[in-house]
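The block underneath contains the structure these notes are about, expressed in structure tokens.
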Amino acid sequence: MSEHHTDIIDEGGARALRGFNFQTAIGALIAVLNYSAEDFRLIVEGKEDLEVYKQDTHTYIQVKSSKLTTKKILQCGKAKQTGERRLAILYKLLEKGSSGDRYKLVVSNKFDQSKFMEEFQICSNNFLLDDVYVPTDATLEMIKSHLEKDKIIVPEEKLAKIFFYRAPFDVNFKTAATYICGVMAEQGISVDAGYGRIAISELVRMIYQKGECSSEEGIEKKTISAEDLRRIFKTSTRKEIEKAILEQLFPNQILQRTIIAREIFKIPFHYRYIKNEIQSCLKGRQFTPSMSEVLFINSCMQALAGYQKVTEIVKYAIVLDLMLDTFEESL
């Protein structure tokens, strides 16, 4: 991973992020756009910068933050020390996988927009990312000409599955996070009260950690699943239900409701293991939509009377969060 950036996130009290770069931002954007797909899996630093499995399709994604042109993408170089030929950016991407796979080259907004629009055309199939482009006929002929000149053989089936994406941001974290927060809101993910920024921080941390895992540890160690993402993201509808239940539990206690809501906010980041323990303690207690939410939560709190690892406030937060998990699973 390259071009690390360490801007401090003030929103939500998050700490400075280590390991943020353009690649993690693109990984976060792809995750936000596809988290609701049950079969979605994102592999970080596997055979390519990013790989995605979705709808029985394997996509290799190469991410470049530097200032590029189409000519640079197609230009083979030489290693400084050995003088050996280095494959062009596009060819290096296309040598992966087989003709049944897809290939995406992601560039930053440093790629001149007017030239990009001139050499690539919008694609109707926005698989994984919005506003995906394909080469124009002229650009495709240029690619083929370079392949022939460089004596590189690429099957026609692969050439038909090259897609390009020009991101509306570069390596600046605030710009990227602001854009991704907007996409989260469009996807129905809660971004209120700074939650969007904290969710992005957690997601970037996860992507960076997965990228740091060695391939020798196995591909699963480098994989983020849709289930992993749903632990981080909370839908706007879920937040509305949470608010309504808290009002029933504590009708005249605004401060109490606010404090519990803050603890719910922290669960994916600070109380994951405690949540698992409490879930085990409540094994056998299953919430159904026909039950009274208040009676169910209070009965769970009575069952947790002997659990002393966290405060009553945190227990209320986790019980409510578990109940909402069950409700969402039933939809």
Side-chain angles (χ1 to χ4, degrees), residues 1-5 21-27 29-30 44-52 58-99 101-172 175-176 179:
M1 290 185 165
S2 59
E3 294 194 61
H4 288 67
H5 194 77
N21 59 24
F22 183 62
Q23 182 174 311
T24 55
I26 293 300
L29 178 59
I30 291 171
V44 186
E45 296 279 9
K47 294 178 181 177
E48 195 45 271
D49 292 337
L50 301 168
E51 294 173 63
V52 170
H58 186 183
T59 305
Y60 292 94
I61 304 169
Q62 192 165 131
V63 182
K64 295 294 179 185
S65 62
S66 55
K67 189 174 182 179
L68 290 176
T69 62
T70 303
K71 185 178 178 181
K72 285 183 179 179
I73 289 169
L74 299 173
Q75 199 170 53
C76 290
K78 286 187 178 180
K80 289 182 179 179
Q81 294 184 343
T82 64
E84 291 181 7
R85 186 176 75 159
R86 297 175 64 181
L87 283 177
I89 291 168
L90 186 61
Y91 309 156
K92 192 175 178 183
L93 172 63
L94 290 172
E95 71 176 351
K96 311 291 193 313
S98 63
S99 56
D101 298 324
R102 287 174 180 249
Y103 302 87
K104 274 189 170 63
L105 180 61
V106 177
V107 298
S108 75
N109 60 4
K110 293 177 185 176
F111 195 121
D112 184 81
Q113 186 173 14
S114 60
K115 291 295 292 180
F116 187 86
M117 299 297 287
E118 179 185 324
E119 295 168 342
F120 301 92
Q121 59 191 5
I122 193 75
C123 175
S124 58
N125 184 357
N126 289 331
F127 193 72
L128 301 182
L129 285 161
D130 287 336
D131 297 331
V132 173
Y133 286 74
V134 293
T136 61
D137 291 342
T139 303
L140 190 57
E141 286 305 314
M142 188 198 309
I143 292 171
K144 290 178 179 179
S145 174
H146 274 264
L147 285 169
E148 187 176 346
K149 184 187 74 173
D150 294 325
K151 297 179 180 178
I152 296 171
I153 299 172
V154 175
E156 285 285 339
E157 295 90 340
K158 280 193 175 185
L159 292 177
K161 293 181 180 179
I162 310 170
F163 301 90
F164 294 80
Y165 178 75
R166 181 184 179 275
F169 50 79
D170 52 28
V171 297
N172 181 274
T175 306
Y179 181 82

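Position 1 is the first residue of the sequence, and the numbers go up from there.
Within the 4.5 Å cutoff, the side chain of Ile152 has no heavy atoms near those of the Leu94 side chain. No side-chain heavy atom of Ile61 sits under 4.5 Å from any side-chain heavy atom of Glu48. The shortest distance between side-chain heavy atoms of Leu68 and Lys110 does not fall below 4.5 Å. Side-chain contact check for Val171 versus Asn21: every heavy-atom pair is 4.5 Å or farther apart. The shortest side-chain heavy-atom distance between Ile30 and Lys104 does not fall under the 4.5 Å cut-off. Inter-residue side-chain proximity for Leu74 and Ile143 is flagged as met; some heavy-atom pair is nearer than 4.5 Å. Two residues are said to be in side-chain contact when any heavy atoms from C-beta on lie closer than 4.5 Å; Met142 and His146 meet this criterion. Inter-residue side-chain proximity for Lys64 and Phe111 is flagged as unmet; no heavy-atom pair is nearer than 4.5 Å.
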Report task. Apply side chain to side chain contact (heavy atoms under 4.5 Å, CB included) to Phe127 and Val132, showing your working. Result -> CA-CA 8 Å; Phe127 193 72; Val132 173; over 6 Å; no
Report task. Go through Lys47 and Tyr60 one step at a time and tell me if the side chain to side chain contact (heavy atoms under 4.5 Å, CB included) criterion holds. Result -> CA-CA 8 Å; Lys47 294 178 181 177; Tyr60 292 94; 4.1 Å; yes
Query - Intermediate values then yes/no, side chain to side chain contact (heavy atoms under 4.5 Å, CB included), Arg166 and Met117 - result: CA-CA 10 Å; Arg166 181 184 179 275; Met117 299 297 287; over 6 Å; no
Report task. Starting from the C-alpha separation in whole Å, work towards a yes-or-no answer on side chain to side chain contact (heavy atoms under 4.5 Å, CB included) for Val106 and Leu129. Result -> CA-CA 10 Å; Val106 177; Leu129 285 161; 4.2 Å; yes
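With sequence neighbours left out, the side-chain contact (heavy atoms from CB on, under 4.5 Å) criterion links Ala88 to Cys76, Tyr91.
Salt bridge Glu156/Lys144: present, at least one basic N to carboxylate O contact under 4.0 Å.
Here Leu90 contributes atom CG and Thr70 contributes atom OG1; the two are 10.0 Å apart, rounded to the nearest 0.5 Å. The distance from the CD1 atom of Ile73 to the CD atom of Gln75 is 11.0 Å, given to the nearest 0.5 Å. To the nearest 0.5 Å, the span separating CZ on Phe163 from CG on Asn126 amounts to 10.0 Å. With values rounded to the nearest 0.5 angstrom, Tyr179 atom OH is found 15.5 Å from Asn172 atom CG. The distance from atom CG of Asp112 to atom NZ of Lys67, rounded to the nearest 0.5 Å, is 7.5 Å. The distance from the CD1 atom of Ile162 to the CZ atom of Arg102 is 12.5 Å, given to the nearest 0.5 Å.
Residues Leu159 and Leu140 approach most closely at O-CD1, 4.4 Å, considering heavy atoms. Annotation for Tyr103 and Thr59: closest pair N-CG2, 4.5 Å, computed over non-hydrogen atoms. Here the shortest heavy-atom pairing between Phe164 and Phe116 reads CB-CZ, 4.1 Å. In plain terms, the two heavy atoms of Glu95 and Leu87 that are nearest each other are OE1-CD1, 3.3 Å. Residues Asp101 and Gly97 approach most closely at OD2-CA, 3.3 Å, considering heavy atoms. Ser108 and Ser65 get closest at one heavy-atom pair: OG-O, 3.1 Å.
Checking side-chain atoms of Lys158 against main-chain N and O of Lys96 turns up a donor-acceptor pair under 3.5 Å.
Applying the salt bridge (Lys or Arg N to Asp or Glu O under 4.0 Å) definition to pairs two or more places apart or across chains, those involving residues 116-139 are Lys115-Glu118, Lys115-Glu119.
Ring geometry for Phe169 versus Phe22: interplanar angle over 60°, hence perpendicular rather than tilted (30 to 60°).
Gln113 CD: 12 or fewer foreign heavy atoms inside a 6.0 Å radius.
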